[in-house]
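Have a look at the structure below before the remarks.
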Amino acid sequence: MKTKFLLSILPLSLASAMAFSQSIDVQVTNLTHGMHFTPVLVSAHDSNTHLFISGQAATAALQTMAEGGNTAPLIAASAATVVNTDNIAAGLLAPSASSPVTAIETGVNTHLSIVAMMLPTNDGFIGLDGWKIPTAAGTYTILLNSYDAGTEVNDEIVDTINGGAEDGIPLAPGMDAGTGASGVTDMETNQTVHIHRGNTGDTSLTAGISDVDSRIHRWLNPVAKVVVTVK
Amino acid sequence: MKYLNRKAGTLAIAILSASLLSACGGSSSNNDDGNKTDTDTMSYDITVTNLTNNQPLSPLAAQLHSSEYSAWKVGTAASENLEMLAEEGDNSALLNAQSPYVYSAVSGVGAIGPGVGGMLSIKADINSEMSSDIKLTLISMLVNTNDAFIGKTGVDLSNLAVGETVKFTLPTYDSGTEANSELAGTIPGPADGGEGFNMARDDVDYVARHPGVVGVDRGYSESVLNSTHGFDSPTAVLTITRTE
């Protein structure tokens, strides 16, 4: 009787301690018809950490990810306790494709964020900001919207200068974009992180205002599905 | 209106064969092990409200099934039955397809205009051992598109008690079987009156979320669609009430 009592109280005392690592599986699916995602970063962190905040200006590290797909500065800017699992799809995540189911030990961390750039866009990205990881075992589905980092004009010109990281769209991985566009706009009205208004596009592969194809490189939210299994 | 009349003929056939199927499915599940087993009757009233501006919905298709069945999967090629529904709004092949996992299948009556709700009832007699695994699939085409459909597959109704109601907003999928060309002659709905089903697959050949339509007002001069045919997500509301 006494032994049983002790055993039952033990897990409770562990649960109340701060450092209670969880084992979770994460899988990300690209729901879109014609947009690629750059390497997907999954970050487990505390409740005060954010890779981005809607309505606030992007950090330089987020800007680098959103404009060129490079997640290294976001990882470099992380606190030591943060568990970053980068590039879970081993490269680009193609339209309608799913990443492998990726096992993550959360360590001391309680919240999950996910980002990846959308191609072809100027600075569009998929975003999950600080989702609280449930403590109850089970399978949870989260649908992600597309955001605009607010750091680059959405001119929709494919431009590989500097890898496209500073000006223009670096690449259309489907190799179905055009060239010779004059540019959709030269202004970025909202310079904070906001819901992406979508590509404008046009149907000319050699001229027009946009290098992206309005029939192919468009999307409606949500753009990604995340399945988290808490074990 | 021409479109609606033309569809009515197909629809009558679809309803007839669907009711035959459900009778058939009911008896075979009773006789699986040769013994008399208890059956549970599950009946549901289903309402779909069209939230779009100018996209009539083709007659609803509903199926009750186990978790082994799904009508589509993102990232996987559409079945030809799904292609027929997504390109032409014709649900008869999908509803008539035999599957040991589908208990019953029913078509709604007629197209559902923008701002309008459509209803159907669906019922299945299920071996009581199987009634802890009952799913619903609901699907319909946005007829002023090349191959867009709305719906949900695998909605879990196992824990829905008699008298309870659940509500979902519905997303829009692209069957990936026909390019979103928006050209004259390729869209079956009233915006065009063009071709419906065509076996050729000239698109990505996987199911994904629909990217939306462009239309002539957004600079695509060859499109037969205009700004009135645009849509965002969600495109419909699905309400399910268990009645028995």
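FYI, side chains are in, hydrogens and waters are out, and symmetry mates aren't considered; it's all heavy atoms of this structure. Please read these numbers as outputs of a predicted model, since none were measured by experiment. Quick note on labels: first sequence line is chain A, next is B, and so on, each numbered from 1.
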Interface check, chain B: of A97(A), P222(A), G198(A), G34(A), most non-hydrogen pairs under 4.5 Å belong to P222(A)
(message) Counting only heavy atoms from other residues, nucleotides and ligands, does the tally under 6.0 Å from OH of Y101(B) exceed 12?
(response) no
Of all heavy-atom pairs linking L31(A) and A208(B), the shortest is O-CB, 3.5 Å
Can you pull out all donor-acceptor pairs below 3.5 Å that join chain B and chain A?
from    : atom 1 : to      : atom 2 : distance (Å)
D203(B) : OD2    : H33(A)  : NE2    : 3.0
Y206(B) : OH     : H33(A)  : O      : 2.8
R209(B) : N      : L31(A)  : O      : 2.7
P211(B) : O      : R218(A) : NE     : 3.3
V213(B) : O      : R218(A) : NH2    : 3.2
Y220(B) : OH     : R215(A) : NH1    : 3.4
S233(B) : OG     : N221(A) : O      : 2.4

So, the part of V214(B) with a heavy atom under 4.5 Å from chain A: the answer is both
